[in-house]
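Everything below concerns the one structure shown next.
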Amino acid sequence: MAIDPLRVAVFDGGWNLPLWAGIDQGFFASHGVPIELHYVGGSAELVEGLLRDEVRIAIAGIDNLVAYQEGHARIPGTRPDLVAFLGGDRGFLSLVAAPGIQGYDDLRGRTLSVDALSTGFAFVLRELLATHGIPAHEVEIVPAGGTSQRYAALLAGRHAATLLRTPYELLAQEAGCRILPGAAWLDGYMGSAAFCRRAWAATSSDTLRAFARAYRTSLDWLVLPDTGPRAAALLREHARDLDPALSERARDVLLAPGTGLIRDLRPVMAGIATVLALRNRHAGQAVALRDPARYVDLGYLPEI
């Protein structure tokens, strides 16, 4: 009997490589959890799909989970009960400026873009600006959707700079854009995580564990010595502007030990603490957020 696919909401980008590999190699199906990817254009669409049971799992910046869980972002008629069960990456974030912009000072008086103003990586951008002496009132920050949408808007000249994730920062460089320095501290940031509704997790533990095992199988396959060419080909299939050389560079960024996709699948608590610290500094909420464990359940991870 055919198994209905597990619906997974994602943004478009190279960090989906384990999902693409797992579909391509049949790992999710062989673990009993065939998946169907639903690409979304923004964090509200992604979280709304979860809360309305249109998708079962989302893979996105864990700041989205925190924002909705804490009521800093709201969807009318829904009650958030979200939990992260698998760590994806540390962000792969680069601040990329349009051609002609040489540094942070050139951003003054210009328009910059983020996914959404109160979720995702918006506060990473604000922190980068603050640490380089650019007050928030000296730029205009506008919402522009997911990474692929912001990349297109940057190349079209609609924004002076935006945060891009791999491979879009590489593509933007090839188009004459500049990666601005100062984001090295993001190696200690928690980027994407897989999360779902707690109520659904409580009744679907076998499904979540099977998904985590299949995801881990995909990661293990991706780092095998002889799978590099196929991994690069998968990136080209899903980001069609990539040429062979760029796809290999993107693959190497995504799979780099220590800074690439999280091999043991464990959400990085110190990285979540950084997410909370940025939200405390820039979101203006009344009560400080201090407990990373509040947003995570490690009980679904496979044994290492």
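Looking at Glu45, its side chain never comes within 3.5 Å of a backbone N or O of Val40 through a donor-acceptor pair. The closest donor-acceptor contact from the side chain of Asn16 to the backbone of Phe11 lies under 3.5 Å. In this structure a side-chain-to-backbone donor-acceptor pair under 3.5 Å is present from Glu169 to Thr166. Distance alone, capped at 3.5 Å, is enough to place a donor-acceptor pair between the Thr131 side chain and the Leu128 backbone.
Annotation: side chain of Tyr295 is in contact with side chain of Leu289 (closest heavy-atom distance under 4.5 Å). The shortest side-chain heavy-atom distance between His159 and Thr111 falls under the 4.5 Å cut-off. Side-chain contact between Ile134 and Arg108 is present, with heavy atoms from C-beta onward closer than 4.5 Å. Arg236 has its side chain within reach of Pro244: a pair of non-hydrogen atoms, C-beta onward, lies under 4.5 Å apart. Proximity of Leu6 to Phe28: side-chain heavy atoms (C-beta onward) are nowhere separated by under 4.5 Å. Contact of the Leu234 side chain with the Gln25 side chain is not registered, since no non-hydrogen atoms from C-beta on lie closer than 4.5 Å. Side chains of Val275 and Phe123 form no contact here, defined as non-hydrogen atoms less than 4.5 Å apart. Between Leu246 and Pro167, the closest side-chain pair of non-hydrogen atoms is not below 4.5 Å.
Salt-bridge formation is not detected for the pair Arg198/Asp297: no Lys NZ or Arg NE/NH1/NH2 atom is positioned less than 4.0 Å from an Asp or Glu carboxylate oxygen. A salt bridge does not link Glu36 with Arg56: every distance from a Lys NZ or Arg NE/NH1/NH2 to an Asp or Glu carboxylate oxygen is 4.0 Å or more.
Using cut-offs of 30° and 60° on the angle between ring planes, the pair Tyr151 and Tyr168 is tilted.
Hydrophobic clustering keeps Val287 apart from Ile272 (ILVMFWY residues linked when any side-chain heavy atoms are closer than 4.5 Å, directly or through intermediates).
In this structure, CG on Leu180 lies 6.0 Å from CG on Leu107, to the nearest 0.5 angstrom. Put simply, CG on Asp241 and CG on Leu170 are 12.5 Å apart, with the number rounded to the nearest 0.5 Å.
Exactly one of Leu164, Thr162, Leu125, Ile179 qualifies for a side chain to side chain contact (heavy atoms under 4.5 Å, CB included) with Leu95. That residue is Leu125.
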Problem - Stepwise salt bridge (Lys or Arg N to Asp or Glu O under 4.0 Å) test for Arg230 and Glu237 - result: CA-CA 10 Å; Arg230 182 56 190 153; Glu237 290 173 15; 2.8 Å; yes
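Listed here is the closest heavy atom pair of Pro18 and Leu219: CG-CD2, 3.8 Å.
Ser113 and Arg150 share no side-chain donor-acceptor pair at under 3.5 Å.
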